[in-house]
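Chain letters run A, B, ... following the sequence lines, proteins first and then strands; every chain starts at 1.
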Protein chains: 2
Amino acid sequence: MKLSTSFPIQDWYSKLQNHGYRLTETRRAVVETIANSDRVLDPNQIFAISREHCASLGLVTVYRTLAKLEQLSLIQRVHQPDGCSAYFPVVDGHQHMVICQDCGRVEYFTGDTLESLMKRVGMESGYQIHDHWLQLLGKCGFCQENSR
Amino acid sequence: MKLSTSFPIQDWYSKLQNHGYRLTETRRAVVETIANSDRVLDPNQIFAISREHCASLGLVTVYRTLAKLEQLSLIQRVHQPDGCSAYFPVVDGHQHMVICQDCGRVEYFTGDTLESLMKRVGMESGYQIHDHWLQLLGKCGFCQENSR
DNA sequence: GTGATTGCAAAGCGTTTGCACCGTA
DNA sequence: TACGGTGCAAACGCTTTGCAATCAC
């Protein structure tokens, strides 16, 4: 399984510019923080990390940048038992996630078997299925090691 | 597929009493509202509906009752794209949900194929999988009909 | 230069807490 | 009677908005 590491930041910048958004120092700091993270981050964490590279950054800018990135489908909100304000980059092909509940690390996996299941449920329930979420919660290898 | 309708309220009352909680008029109103609903409801909706049967009810009591019911695993928080503050009764056997994004109606289905998938992902990623969420989002038969 | 972007302060919103009174068991 | 439950008002934390100054293009 491929480790989720960094995403091509240049693509993020291009997409932002193609939509009329400007590349400022503060925005770069926020984008880099998220794109380079291998774990889910909430606004405050993003703020704290980004601020190390751009001292003048305000929390408000983090929120505004998150809104733009989400709108461009570069990031997605991640739902967890203790809240749903964390974010993580979107990968192509709409794969599914395993999230470490200790450190927030994320891995992706494919769920080929889901297609038939969704079709079956749609038939039996009479619902038109628009979207689906499959998410596994657990403890990653590093955190298993650390808690010994 | 079985339509999710009402849940045996007496069981809810028993469980509350067995845990040292008292049955007041306000609490009954809140419990009945949730147990009799076939769709997800947020605190304000629960408040509005329950208040019809108990005019003195305050929103604070709704929150406090929700906390107790969730702690007793009688209800669960439901996560949706536009927020995660809605609740729905828990059914035995940890089945999965299809939620109508128009009206909030819920149907349950079983996901037998998931066991092997989770085992596979656990092996390949090195994660200890503790929990999983599978949730389908769509439009129920009633809402399809109404939007014609 | 134009218009997007910024930080600050303030407003907004959903949720929780402190408290004195009330009601169940 | 004892103690859990209640509503109200206030506090709280997270998120959004108004505004004048700033900066990318």
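- Residues forming a side-chain hydrogen bond (donor to acceptor under 3.5 Å, both in side chains) with B:T65 (at least two apart in sequence, or on another chain): none.
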Between protein and nucleotides 19-25 of chain D, map the contacts as a letter string: B base, S sugar-phosphate only, - none, heavy atoms under 4.0 Å, written 5' to 3'.
-----BS
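- With sequence neighbours excluded, the residues satisfying side-chain contact (heavy atoms from CB on, under 4.5 Å) with B:E25 are B:C54.
- Between B:N18 atom CG and D:dG4 atom P the separation is 16 Å, expressed in whole Å.
- Residue pairs meeting the salt bridge (charged side-chain N to carboxylate O under 4.0 Å, His left out) criterion with at least one partner in residues 134-144 of chain A, sequence neighbours excluded, are A:D102-A:K139.
- In this structure, CG of B:L16 is placed 12 Å from C1' of D:dG5, rounded to the nearest angstrom.
- OP1 and OP2 of C:dA4 both lie 4.0 Å or more from every side-chain N or O belonging to A:R27.
- Remark: C1' of C:dA25 and OH of B:Y13 are 17 Å apart, rounded to the nearest angstrom.
- Every side-chain contact (heavy atoms from CB on, under 4.5 Å) that A:L137 has, sequence neighbours left out, goes to A:P81, A:I99, A:Q101, A:Q135, B:D131, B:W133.
- Taking every heavy atom of residues 49-58 of chain B and every atom of DNA chain D, pairs under 4.0 Å involve B:S56, B:L57, B:G58, by number.
- By the side-chain contact (heavy atoms from CB on, under 4.5 Å) test, B:L134 pairs with A:L114, A:L117, A:L134, B:H96, B:F109, B:L114, B:L136, sequence neighbours left out.
- In this structure, B:E115 does not pair ionically with B:K119, as no charged nitrogen and carboxylate oxygen lie closer than 4.0 Å.
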With B for base contact, S for sugar-phosphate-only contact and - for none (protein heavy atoms under 4.0 Å), nucleotides 9-16 of chain C reads B----SSB
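- When the salt bridge (charged side-chain N to carboxylate O under 4.0 Å, His left out) test is applied to B:E145, the partners found at least two apart in sequence or on another chain are B:R148.
- Screening residues 52-77 of chain B for ring-ring contact (aromatic ring centres under 6.0 Å, His included), with sequence neighbours left out, gives no hits.
- By the disulfide (SG to SG under 2.5 Å) test, B:C143 pairs with no residue at all, sequence neighbours left out.
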Going by atom type alone, with no hydrogens or angles, which donor-acceptor pairs under 3.5 Å involve a side-chain atom of residues 9-17 of chain B and a protein atom two or more places apart or on another chain?
unit_1	atom_1	unit_2	atom_2	d
B:Y13	OH	B:E32	OE2	3.4
B:S14	OG	B:Q10	O	2.9
B:K15	NZ	B:L72	O	3.1

